[in-house]
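This chain uses plain numbering: 1 for the first residue, then up along the sequence.
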Amino acid sequence: MSEDWARLRRAGQDAASGLLGLASMELEARAPAGRLRLAVGPAGELLLLAPVSAASPPGALPTADGLQVGEVTLRSDGRSQRFLQLACSEPSLEGVFTDVVTQVTARVADGAAPLEAIESTMRDYRALLRRAPDPSLDEGRLIGLLGELRILVRMLQTRPDAWRAWAPLAGRHDFRAGDLALEVKTTLRSQGRRVTISSLEQLQAPEGGTLGLNLQVLERDMNGTLCLSALGHQALALAGGASELEVLFGECGWRPDASETEPRFSLYVEETYVLGPGFPQLTPGSLLEGRLPAGVSGVTYGLDLSTASAFLVAEDRARALEEDLARAPAPLR
């Protein structure tokens with residue numbers, strides 16, 4: 001849906017589709033009075049329009065921070081049409097708003113009346129806003145930790161002390177044992193395969209060893225199974241409740257006693273690359289004399305992994321790399 005709204009924003013009035021003053025498009029979900037529509041308002045705000053019968057009583061409209069629910073009358077195919085309008089008034093909430101609209105349209109498609117679908121989803125939406133993790137975890141760090149914990153859980157299933165290979169804060173790579181290393185990059189679906197590399201050393205393989213790059217693309221999903229609490233508690237159980245692992249979690253911004261009502265996600269794509277000659281990267285060897293110029297203290301750059309498809313490996317090889325990491329001698333902590 002986010003792509004559809006982006007197209008409507010670009011098209012502007014050329015995408016008015018018969019609705020006076022609004023760029024809009026029909027969805028498959030149908031209410032008794034007609035199909036639901038995505039639209040973009042005059043200020044560029046995202047809208048969901050649900051047609052309602054002229055005879056329907058207005059009813060009490062739900063409210064929530066960042067969302068506005070109202071009734072509008074628009075001209076459609078030469079006649080006036082009443083709509084329930086759900087609008088996102090905060091640009092920072094557009095990702096969550098997409099999830100809300102997905103839920104509303106699904107409930108209408110299942111037979112719920114538009115107002116009923118909006119009200120029930122809004123209740124879930126308010127609960128979602130209360131699902132706040134530790135305040136030190138912004139969304140970028142949260143999804144990054146989710147990706148690393150998915151790998152950690154798989155490694156712990158191979159060996160209960162495999163957590164020793166995890167270096168979430170101090171290591172050059174997220175996982176390192178012997179001459180094997182794995183870097184984990186997690187993005188949201190809107191970012192696709194574009195990741196940020198935070199140093200020249202991050203994509204430098206261990207001397208004479210192997211470096212894998214795991215990419216996980218997540219999407220916000222209020223019914224998703226991926227959340228910090230579930231993965232964190234699973235990891236602790238597999239590690240036998242290791243107190244050192246619990247300390248690591250605390251340093252990353254998650255505590256076992258944190259609320260379990262936190263943002264949830266589902267996995268959209270997972271891929272693993274094994275780096276080799278020709279992989280698109282910057283390392284110290286890419287620089288003249290192998291070092292940064294005087295006065296330059298660091299390098300951060302963007303990488304589009306869609307240009308690295310030649311280095312993709314099959315899932316069985318990716319899992320073998322994780323198992324080898326889990327079994328390799330890791331530093332004592």
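- For the atom pair CZ (F175) and CG (L180), the distance works out to 13.0 Å, reported to the nearest 0.5 Å.
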CA sep, side-chain torsions, deciding dist, call: L38, L49, side-chain contact (heavy atoms from CB on, under 4.5 Å): CA-CA 6 Å; L38 297 184; L49 298 172; over 6 Å; no
side-chain contact (heavy atoms from CB on, under 4.5 Å) between L48 and V101, intermediate numbers included: CA-CA 7 Å; L48 174 68; V101 169; 3.9 Å; yes
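- In summary, the side chains of R37 and S24 do present a donor paired with an acceptor at a separation below 3.5 Å, with no hydrogens or angles considered.
- E271 contributes no side-chain N or O that, together with a main-chain N or O of L215, makes up a donor-acceptor pair within less than 3.5 Å.
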Test log, rule side-chain contact (heavy atoms from CB on, under 4.5 Å), inputs W254 and S229: CA-CA 8 Å; W254 178 77; S229 293; 3.8 Å; yes
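- Between the CD atom in E244 and the CG atom in D161 there is a gap of 10.0 Å [rounded to 0.5 Å].
- No side-chain heavy atom of P263 sits under 4.5 Å from any side-chain heavy atom of R220.
- In this model, no donor atom of one side chain and acceptor atom of the other lie less than 3.5 Å apart for E71 and Q85.
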Evaluation steps, side-chain contact (heavy atoms from CB on, under 4.5 Å), between L182 and E322: CA-CA 8 Å; L182 182 65; E322 294 171 12; 4.3 Å; yes
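- Contacts of Q157 classified as side-chain contact (heavy atoms from CB on, under 4.5 Å), with partners at least two apart in sequence or in another chain: V153, R154, Q234, L238.
- In this structure, D221 contributes its side chain and S266 its backbone to no donor-acceptor pair below 3.5 Å.
- Listed by chain and residue number, R107 satisfy the side-chain hydrogen bond (donor to acceptor under 3.5 Å, both in side chains) test with S120 (two or more places apart in sequence, or in another chain).
- If you take CG on L149 and CG on L156, they are separated by 9.5 Å, rounding to the nearest 0.5 Å.
- Judged purely by atom type and a 3.5 angstrom limit, R82 has no side-chain atom pairing as donor or acceptor with the backbone of L84.
- Considering CD of E219 and OG1 of T102, their distance stands at 8.5 Å, rounded to 0.5 Å.
- Rounding to the nearest 0.5 Å places CZ of R164 at 9.0 Å from CZ of R159.
- Y301 places a side-chain N or O within donor-acceptor distance of the main-chain N or O of L282, the cut-off being under 3.5 Å.
- Distance alone, capped at 3.5 Å, places no donor-acceptor pair between the T121 side chain and the I118 backbone.
- Counting heavy atoms from C-beta outward, T283 and L200 have side chains that stay 4.5 Å or more apart.
- Here the side chain of R35 pairs no donor or acceptor atom with the backbone of M25 at under 3.5 angstrom.
- The closest donor-acceptor contact from the side chain of K185 to the backbone of T196 lies under 3.5 Å.
- The main-chain N or O of Q202 is found under 3.5 Å from a side-chain atom of H173 such that the two form a donor-acceptor pair.
- Between E315 and R319 there is a salt bridge, since at least one side-chain N of the basic residue sits less than 4.0 Å from a carboxylate O of the acidic one.
- In this structure a side-chain-to-backbone donor-acceptor pair under 3.5 Å is missing from R193 to L305.
- Remark: the backbone N or O of V52 is paired with a side-chain donor or acceptor of Q81 at under 3.5 angstrom.
- When side chains are defined from C-beta on, E251 does not count as touching P168, because their heavy atoms never get closer than 4.5 Å.
- Here the CG atom belonging to L303 is positioned 8.5 Å from the OH atom belonging to Y273, to the nearest 0.5 angstrom.
- Each of V274 and I197 belongs to its own hydrophobic cluster when Ile, Leu, Val, Met, Phe, Trp and Tyr are linked at side-chain heavy-atom distances under 4.5 angstrom.
- Judged as a ring-ring contact (aromatic ring centres under 6.0 Å, His included), and not counting sequence neighbours, F265 has no contacts.
- Of the candidates T186, I151, V217, I151 is the only one forming a side chain to side chain contact (heavy atoms under 4.5 Å, CB included) with E270.
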